[in-house]
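Structure first, commentary second.
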Amino acid sequence: MPFLPVTYEEMKARGWDQVDFVYVSGDAYVDHSSFGAAIITRVLEAHGYRIGMICQPDWRDPASIDVFGEPRLAFLVSSGNMDSMVNHYTVAKKRRRQDAYSPGGKIGYRPDRATTVYCNLIRRTYKHTPLIIGGLEASLRRLGHYDYWSDSVRRSILLDAGADLISYGMGEHSIVEIADALDSGLAVQDITFINGTVYKTRKEDEIYDAIRLPDFEEIKNNKKMYAKSFGIQYENTDPFQAKRLYEAYDGKMFVVQNPPAMPLTEIEMDDVYDLPYMRTYHPMYEKQGGIPALKEIKFSLTSNRGCFGGCSFCALTFHQGRIVQARSHASILKEAKQMIAEPDFKGYIHDVGGPTAQFRRPACQKQLTAGACKNRQCLFPKPCPNLEVDHSDYAALLEELRQLPGVKKVFVRSGIRFDYLLADPDDSFLRDLCRYHVSGQLRVAPEHISDAVLREMGKPPVQVYDRFVKKFEQINKELSMDQYLVPYLMPSHPGSTLQDAVALAEYLRDHHLSPEQVQDFYPTPGTVSTCMYYTGYDPVTMKKVYVAKNPHEKAMQRALIQYRNPRNYDLVHEALIKAGRRDLIGSGPKCLIRERKTHRH
């Protein structure tokens, strides 16, 4: 099956006079199942719909979205695999120098706030054609939200984009239901009943069985009301239990979020990944050096989606949900064999996983029929008594992949939850992981060592991480393997004071660790931590939380993690004085930095 048409001529060559949908994407065209645009378009194609692709149109030129003319049913718009603002800016709000989803990795192929800009561009020519938006950028801005880049609360993207519907979350169910409804002749304004969608209406009396959130003006002007609204949204992210939610704008317009779509069954997951993807970027990019993002995932396998880890700084609860969905072994092995047959496959499968690699089943049986608990987490503050801990299925899958002819090594590079791993009384999976699936270093994410900060992160106490480190080292010793853990650490997360940052530096000193890369907390839409950052309240408990917002304090927290770097000396010195820890300056064995010598004249 060839690529979908990208020109009018290609559309005509298929014998089509018109496409049903025009898909506009902020990414270059990569027809691979790790790209949301590829999944949605191939799913629609499998249901008999005709799709034309417009990737990275020139947003300054209305003609760039007129490639196929008016689609029969709708325009579908996405910023791409990433949020366009995260794609463009570092946490320090500086412009990035590369865009892995653009030809040759060059920047400038998409605008800031791409979904909104593309929609406004389309509306200049097509005033009444249905506009459906989706993908990460639209999903996580589906209601009023804090925007870090403008440091303000912005309206639902549905209003700013002038779109008719948002298909939020993963989208396979809702996009087909939307397509079938439009195809049946239903006006887009009447499509108000599909789970996994957000719509707008002026008729509040027609919104049924719903919770009214605080009005937009309230959350814009009152941080406590913002936190309260976010808390209600967080409690309503499960497809089995979630209520319909709505938000009022000036008392005249209402944005309505229907409950999330149901998770995919194993058969549905297999069907999605069995679609005829080309598994590469469109050949039109070859001269420009291809699409760098493909290199990261071309020889990786998606085995699951969803995550019951519940980290506060992660948007997965709002996007993929907490119920884990997995593909069958047969489906994954079939894709692996396709990979092996590719001419540039060198024998290495780079990853087998998803948001959390070893999650291959829902946390407990209840989630299959009643969903994830509203008011408790599966792993935090400690594993739930009902949590079913079992690595046997994932271990068996990895073994089957290792046995395939042509495979030299199968790596696991997705995140591993060490608290879940420790909850398993059988350590055979950890042994297999160390023996077969680590390339000398295993990346893990303790994130911090202060229990006060870890609580706000939704992560286990530091003693759990310490237990994991000992077990990892012990098993590697028994296997006579020289392998190391590379911890991810996050300074300036809500809850982290200067004293907490000093404690982290002391931990690194005592454990002889020197992190090379440190990433400040990045307040992106759709996370509990971002709500804390903006409001100073934990939306789950409504307790106040300390937040380091001053760029200089954030720089000090970051410098403390890399206190050995001479360039950080002044910041570390200042931080230790401010934290009242002058005892850590000097020549003693516990000191972080030496006192600088002053020359007398």
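- With sequence neighbours excluded, the residues forming a side chain to side chain donor-acceptor pair (under 3.5 Å) with Q56 are S102, listed by chain and number.
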Donor-acceptor pairs under 3.5 Å, side chain of residues 349-357 to any protein atom, not counting sequence neighbours: which ones?
{"residue": "D351", "atom": "OD1", "partner": "R413", "partner atom": "N", "Å": "2.8"}
{"residue": "D351", "atom": "OD1", "partner": "S414", "partner atom": "N", "Å": "3.0"}
{"residue": "D351", "atom": "OD1", "partner": "S414", "partner atom": "OG", "Å": "3.4"}
{"residue": "D351", "atom": "OD2", "partner": "S414", "partner atom": "N", "Å": "3.2"}
{"residue": "D351", "atom": "OD2", "partner": "S414", "partner atom": "OG", "Å": "2.5"}

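- Residue pairs meeting the ring pair (Phe, Tyr, Trp, His ring centres under 6.0 Å) criterion with at least one partner in residues 396-419, sequence neighbours excluded, are F418-Y465, F418-F468.
- Listed by first then second residue, pairs satisfying side-chain hydrogen bond (donor to acceptor under 3.5 Å, both in side chains) with a partner in residues 335-344 read R279-E335, R279-E342, K298-D344, R327-E335, not counting sequence neighbours.
- Scanning for salt bridge (Lys or Arg N to Asp or Glu O under 4.0 Å) contacts around R110 gives D27, D99, with sequence neighbours left out.
- With sequence neighbours left out, S84 forms a side chain to side chain donor-acceptor pair (under 3.5 Å) with E137.
- Every salt bridge (Lys or Arg N to Asp or Glu O under 4.0 Å) that D432 has, sequence neighbours left out, goes to R435.
- By the salt bridge (Lys or Arg N to Asp or Glu O under 4.0 Å) test, R50 is found to be paired with no residue, residues two or more places apart in sequence or in another chain being considered.
- Contacts of P383 classified as side-chain contact (heavy atoms from CB on, under 4.5 Å), with partners at least two apart in sequence or in another chain: L379, L387, A423.
- Partners of D274 under the salt bridge (Lys or Arg N to Asp or Glu O under 4.0 Å) rule, at least two apart in sequence or in another chain, are K334.
- Legend: residues meeting side chain to side chain donor-acceptor pair (under 3.5 Å) with N195, ordered by chain and number and at least two apart, are absent.
- For the side-chain contact (heavy atoms from CB on, under 4.5 Å) test, residues two or more places apart in sequence or in another chain that qualify with D426 are D424, S428.
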